[in-house]
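Everything below concerns the one structure shown next.
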Number of protein chains: 2
Amino acid sequence: MTETVHETTDIRLREEGQRYTGQRRELVELLANEGPLSIPEVLRGRGGLKQSSVYRNLAVLEHAGVVRRVVTEGEFARFELTEELTQHHHHLICSTCGRVEDVTVPSDLEGTLDRTLDRLARRAGFADVDHRLDLIGTCGDCA
Amino acid sequence: MTETVHETTDIRLREEGQRYTGQRRELVELLANEGPLSIPEVLRGRGGLKQSSVYRNLAVLEHAGVVRRVVTEGEFARFELTEELTQHHHHLICSTCGRVEDVTVPSDLEGTLDRTLDRLARRAGFADVDHRLDLIGTCGDCA
DNA sequence: CTTCCTGCAAAAGTTTTGCATTAAC
DNA sequence: GTTAATGCAAAACTTTTGCAGGAAG
């Protein structure tokens, strides 16, 4: 399953004339296993990675459509694999420690949401609307 | 209606031993009229305001529960009045120009959302969950 | 007259970039 | 052998802070 992710990444990068190097593979592997991570978390997660290369490689992967920037309340940017490589999901964010977990909502609610929001957005003159739904609360550890 | 906002702000600030100065009033007025604004937008919006004072005053207002930081994809932080002073709402974000508009969803959907998400979050060990729902698309001007 | 606010300039902290070296194809 | 990726150090950029002067109560 994560093998598919690597294959897709490889293809996407080649399409842009870029190489799927060991470091990039490590990044993708990390994000596939541990979800949305900030740069400090990435650096802690894998010893050898260098900060500037991590930023650069995440930018490359973002441009290739493999990774996306997640906006959170914290001071650092977070990155995750795009939904094409995983699945549509949402975030459970701890407002105390900043930790982020993935969560999916029941598909009937997801469907209702999609239809309703699309209608709303059109009415406001917006097109091609996607939604971002995050839950902010206090996680078990911080309670 | 915006008079109520000013009164509430005044009270909140006094409770913290702070003053509702002209500059703070201007900030609140701006946010009340134009929704979520970034610092550059604020500085452009009103000539005389100084950057460091704006940051400082927004921090004060945030601490007083009058203003909250909105996280967006852009490079600057955005600020808006808290929902206690306005009403529960969501954001319509243009992924091209970064503009942010307020939008409300039908209250039945809002209710369903609230109940379902609360259940989900509890199951994951999270408490006191609030949700943040944003719509990202292309606005009329950028289409 | 005491306390808080403002503005300037400098600092802090995150992210980006230039350049020489190393690795991939 | 050619083109791209890496690491280091320095730069850029947003946000925060120290300090002296000014305003508010």
Side-chain angles (χ1 to χ4, degrees), chain A residues 6-7 9-31 36-64 66-80 98 100, chain B residues 6 9-30 36-64 66-80 98 100:
Chain A
H6 287 305
E7 280 167 28
T9 304
D10 196 2
I11 292 166
R12 294 276 175 94
L13 285 176
R14 279 182 204 290
E15 281 171 0
E16 305 217 327
Q18 306 238 323
R19 299 163 186 168
Y20 197 22
T21 62
Q23 185 172 150
R24 290 175 183 173
R25 182 173 284 267
E26 258 191 280
L27 277 174
V28 169
E29 188 74 26
L30 253 180
L31 294 178
L37 297 177
S38 65
I39 269 79
E41 285 169 348
V42 168
L43 295 176
R44 248 178 270 124
R46 284 292 208 285
L49 301 185
K50 298 306 171 190
Q51 196 188 61
S52 67
S53 300
V54 169
Y55 273 111
R56 240 188 298 233
N57 282 326
L58 286 172
V60 168
L61 290 168
E62 186 178 17
H63 192 259
V66 172
V67 155
R68 87 174 190 95
R69 240 184 196 7
V70 181
V71 292
T72 68
E73 324 250 297
E75 40 222 89
F76 290 92
R78 279 174 187 275
F79 296 85
E80 68 178 2
V100 180
Chain B
H6 288 305
T9 303
D10 196 2
I11 292 166
R12 295 274 175 96
L13 286 175
R14 279 181 203 291
E15 281 170 1
E16 305 217 327
Q18 306 237 318
R19 299 163 187 166
Y20 197 23
T21 62
Q23 186 172 148
R24 291 175 183 174
R25 182 174 285 268
E26 257 190 280
L27 278 174
V28 169
E29 188 74 26
L30 253 181
L37 297 177
S38 64
I39 270 78
E41 285 170 347
V42 169
L43 294 177
R44 249 179 270 124
R46 283 294 206 285
L49 301 185
K50 297 307 169 190
Q51 196 189 58
S52 67
S53 299
V54 169
Y55 273 111
R56 237 186 303 233
N57 283 326
L58 286 173
V60 168
L61 291 167
E62 185 179 18
H63 192 258
V66 172
V67 155
R68 87 174 189 96
R69 236 183 205 352
V70 182
V71 291
T72 68
E73 325 250 298
E75 41 222 90
F76 291 92
R78 279 174 187 276
F79 296 85
E80 68 178 4
V100 180

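By convention in this document, chain letters (A, B, ...) are assigned in the order of the sequence lines, proteins followed by strands, and residues within each chain are numbered from 1.
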Q) Are any non-hydrogen side-chain atoms of A/His63 and A/Gln18 less than 4.5 angstrom apart? A) no
Q. Quick one, which residues of residues 49-63 of chain A touch DNA chain D with a heavy atom under 4.0 Å?
A. A/Lys50, A/Ser52, A/Ser53, A/Arg56, A/Asn57
Q. Mind checking whether A/Glu29 and A/His6 have side chains closer than 4.5 Å, heavy atoms only?
A. yes
Q | Side-chain touch B/Leu37/B/Val100, heavy atoms, less than 4.5 angstrom | A | no
Q. Is it true that a side-chain atom of A/Arg24 and a backbone atom of A/Arg19 form a donor plus acceptor pair closer than 3.5 Å?
A. yes
Q. How does protein contact run along nucleotides 20-25 of chain C, one letter per nucleotide 5' to 3', with B for base contact, S for sugar-phosphate only, - for none, heavy atoms under 4.0 Å?
A. ---BB-
Q) Within a strict 4.5 Å, meaning less than it, do heavy atoms of the A/Lys50 and A/Gln23 side chains meet? A) no
Q) Roughly, in whole Å, what's the span from CD in B/Glu26 to C1' in C/dT6? A) 13 Å
Q: Check whether any side-chain heavy atom of A/Arg69 sits under 4.5 Å from a side-chain heavy atom of A/Phe79, and report yes or no.
A: yes
(Q) Less than 4.0 angstrom between a side-chain N/O of B/Gln23 and OP1 or OP2 of C/dT6, yes or no? (A) yes
Q) Do A/Val66 and A/Leu31 come within less than 4.5 Å of each other through their side chains, counting heavy atoms only? A) no
Q.
Please check this pair: side chain of B/Arg78 against backbone of B/Pro36, looking for a donor-acceptor N/O pair closer than 3.5 Å.
A. yes
Q | Atom-pair distance (CZ on A/Arg78; C1' on C/dT15), nearest Å | A | 16 Å
(Q) Need two values: the first and the last nucleotide of DNA chain D, 5' to 3', having an atom under 4.0 Å from any heavy-atom of chain B. (A) D/dT14 to D/dA24
Q) Is there side-chain contact between B/Leu49 and B/Leu27, with at least one heavy-atom pair below 4.5 Å? A) yes
Q) If we only count heavy atoms from C-beta on, is the A/Val28 to A/Tyr20 side-chain gap below 4.5 Å? A) yes
